[in-house]
Amino acid sequence: MTDANLLVEESELGGRRPKGASRLLLLGLGVAWSLFQLWATEVGTLDPMRLRAVHLAFALALAFLAYPGRRGPKERIPLLDWALALLGVAGALYVVVDYYGITQLRGGIPSGRDVAFGTLTLLVLFLAAWRVVGPALPIIASAFVLYALTGPKGLLPFTLPPWLQLHAGSQWGQLVGQLYTTAEGIWGVPLGVSATFVFLFVLFGALLEKAGAGHFFIQVAYGLLGHFRGGPAKAAVVASALTGVVSGSSVSNVVTTGTFTIPLMKRVGYPPEKAGAVEVASSSNGQLMPPVMGAAAFIMAEFLGIPYSQLILIALVPALLAYATLFITVHIEALRLGLKGVPRSELPPLAPVLRSGAHYLLPLAYLIYALVGLRLTPERAALNTLFLMVLLILLQELWRAWRGGAGLGFGFARGVRLLVEGLEAGARGMVGIALATASAGVIVGIVTMTGIGFGLTDIVERLSGGNLVLVLILAQLTSLLLGMGLPTTANYIVMASLVVPVVLTLAEKAGYPVPPVAAHMFVFYFGIMADSTPPVALAAYAASAIAKSDFWKTAVQGFVYELRTALLAYMFFFNPKLLLLGVESPLEGVWIVLTALLGMTAFSASLVGFLHKRTNLLERAMLMGAALTLVVPGLPTDLAGLGLLAFTYLLQRVRK
């Protein structure tokens, strides 16, 4: 198994694969978790706090049983991990067992037993998060816990500077009561979204992948684009956009598509580092693609109080622009390198490929129709689509068995096996998300409890001098810094809780009121850049393992390609009409999208160093100037930016 596949196994499925009874237990836990979530959604009457507690109990159990410690054995489960799993389950399920006492009898005042179980749950949660998603999130959450305990009335009696000490301080029992016995901490909105919308959509992606849709999307992309100049890179962009619907993880997206695209890119002339970097950039943006976006998108809809169906429409144009610009970027690279495509004879014939997998489009089409047309809730739309997926997988395997002469019984058994594997894969893919949202809920609860956001507003205002662009740059750098250690979902939750209110407040003070969704989308985009941001850059690690390239060169080049996403975030922040907000006519919408695309093309050409021909320093500067001018909305700036781009192109045409 390659290093890249090992990385995916550890980050998505857990690195431990024991045999015998332990393996059956892990399989049973995964399938049981998925079936519980399906049942809870269908019934729809389970109390939210109880649902979240059971959801976290499954995640904690799988965290210690499926993920070995750093030096732990991968073939067996040590006694310590069994003990930690049981303690985690006990801490989470205590809320279910004594729910009436916690919520009704004690009136929000925790008993000694509540505090004991709450302390246990916090400790085990941070240990599990450390093991599965890395040390950054539990360390940050622990720092917030310590902050809540400081102050004149706190457990830690010392006082911080006045601009930061915005609360009197908490005793341990009071803090645990807030985080454990209410819906303002561990059991808050982030975990609630994980336990409802996100699980169903992750399970849908797992079943679609088990059915074979990922391979189908790759084959379609190759059949359509492989023969064009630099075709494998263009196919990688399209395939990653399509498989982003199946997989919410940039790492598994890299391995799914990169195993095919990267060797072909190298074959037609892309250097190994650039081949890996193209896959990094295209795979990282998979979470931008509606209708199934990353887990953070569902949390964003909850934070904003808008339907998810509305959010995917808002996110559609920027996502298409991100991929369209990357498509143009790889074309510019192909021109600069003088590359060709793959001969048609070596590519999969498109018509047979479409016939073999067109049925995979049915559940996707229904999901879009259910969300946008029927306006069903995300839970009901996803649940109905999952039932359709079960039927599709069974019918597909029965048809294949009948055509192959293997017998319908064999086909049915294979279909059931794929369903069981999909249920397990969906559950295992949720472990990291559940732990990240629960840990981030601790941070959100303490932000609410202490009012630290007000102090942060003062700090940012002082550092930026009230300049909105500097505020956004600080927000961008903070998000990228956090993204080096936090998964996208946790990064977004922290930024949405701490930084977005600051940005909105200072934007209003600067006389530039911004729609809240634009600020949330801004930090969401920079959070997505985490997997392509050195020095961590997990997606770059997977891509470099496949490309057999230098990790640092691959990561840096992938980050350069991803910078177009950063420019796009500034574009829709300053011109929310790119998010389809306030567009007065179709003509205005077309103009806004066209100027944004040309601005991003100029930006990419400046970074790559090629437009009609290789650019010199002056031409690169003019292209960058055109791109930055087009960030600012308005007809004068649009015409200035387009004029500068056209002048640079004409200058290259006449230059020898």
Side-chain angles (χ1 to χ4, degrees), residues 48-49 51-53 55-56 59 92 95 108 118 121-122 125-126 128-129 133 136-150 164 166-167 170 174-198 294-306 432-457 460 475 478-479 482-483 485-505 516-517 519-524 526-527 530:
M49 194 165 171
L51 171 62
R52 297 167 191 181
H55 180 78
L56 185 60
V95 173
T121 304
L122 279 172
L125 172 61
F126 288 169
V133 301
L137 182 56
I139 288 175
I140 293 172
S142 298
F144 272 83
V145 169
L146 290 176
Y147 172 74
L149 297 173
T150 62
L164 190 56
L166 302 173
H167 65 111
S170 301
Q174 179 187 358
L175 178 63
V176 172
Q178 170 79 9
L179 299 179
Y180 182 70
T181 65
T182 74
E184 299 294 330
I186 296 174
W187 321 115
V189 169
L191 185 63
V193 174
S194 173
T196 51
F197 316 142
V198 178
F298 296 96
I299 297 172
M300 188 191 306
E302 285 293 300
F303 280 175
L304 289 166
I306 63 175
I433 296 173
L435 296 177
T437 51
S439 301
V442 172
I443 297 173
V444 174
I446 292 175
V447 168
T448 303
M449 184 179 182
T450 61
I452 190 175
F454 297 106
L456 190 61
T457 301
V460 173
T478 303
S479 186
L482 287 175
L486 299 184
T488 304
T489 304
N491 188 359
Y492 167 72
I493 294 170
V494 173
M495 292 295 292
S497 302
L498 284 176
V499 178
V500 168
V502 175
V503 170
L504 292 174
T505 300
V517 68
H520 281 264
M521 287 283 290
F522 183 88
V523 299
F524 175 57
F526 281 105

Does the side chain of [X] reach to within under 4.5 Å of the side chain of [Y], using non-hydrogen atoms?
X    : Y    : result
F126 : V442 : yes
T437 : V193 : no
L56  : L435 : yes
V447 : F144 : yes
V523 : N491 : no
V500 : F522 : no
L122 : I186 : yes
M449 : L175 : yes

Looking at every non-hydrogen atom in both residues, tell me the closest pair between [X] and [Y] and how far apart they are.
X    : Y    : result
V503 : A519 : CG1-CB, 4.5 Å
P190 : I493 : CB-CD1, 3.5 Å
R52  : V189 : NH1-N, 4.3 Å
I446 : A148 : CG2-CB, 3.9 Å
S497 : V444 : OG-CG2, 3.1 Å
A53  : V95  : CB-CB, 4.2 Å

Check ring pair (Phe, Tyr, Trp, His ring centres under 6.0 Å) between Y147 and all other residues, then give those that pass, not counting sequence neighbours.
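Expected list: H167.
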
When you measure from the side chain of S439 to the backbone of A436, do you find a donor-acceptor pair of N or O atoms at a distance under 3.5 Å?
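Checking the backbone N and O of A436 against the side chain of S439, no donor-acceptor pair under 3.5 Å is found.
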
What residues form a side chain to side chain contact (heavy atoms under 4.5 Å, CB included) with L146, not counting sequence neighbours?
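So L146 forms a side chain to side chain contact (heavy atoms under 4.5 Å, CB included) with L156.
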
Looking at [atom1] of [X] and [atom2] of [Y], how far apart are the two atoms once the value is rounded to the nearest 0.5 Å?
X    : Y    : atom1 : atom2 : answer
L191 : T196 : CG    : OG1   : 9.0 Å
H520 : L504 : NE2   : CG    : 6.5 Å
T121 : Y180 : OG1   : OH    : 4.0 Å
F524 : S479 : CZ    : OG    : 11.0 Å

Verdict with supporting geometry, I443 and L137, side-chain contact (heavy atoms from CB on, under 4.5 Å)
CA-CA 10 Å; I443 297 173; L137 182 56; 4.1 Å; yes

What class does the angle between the rings of F298 and F197 fall in, given that below 30° is parallel, 30 to 60° is tilted and above 60° is perpendicular?
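Tilted.
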
If a pair satisfies side chain to side chain donor-acceptor pair (under 3.5 Å) and one of its residues is in residues 181-195, list it, with sequence neighbours excluded.
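As it turns out, the side chain to side chain donor-acceptor pair (under 3.5 Å) pairs with a partner in residues 181-195, which skip direct neighbours, are H55-S194.
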
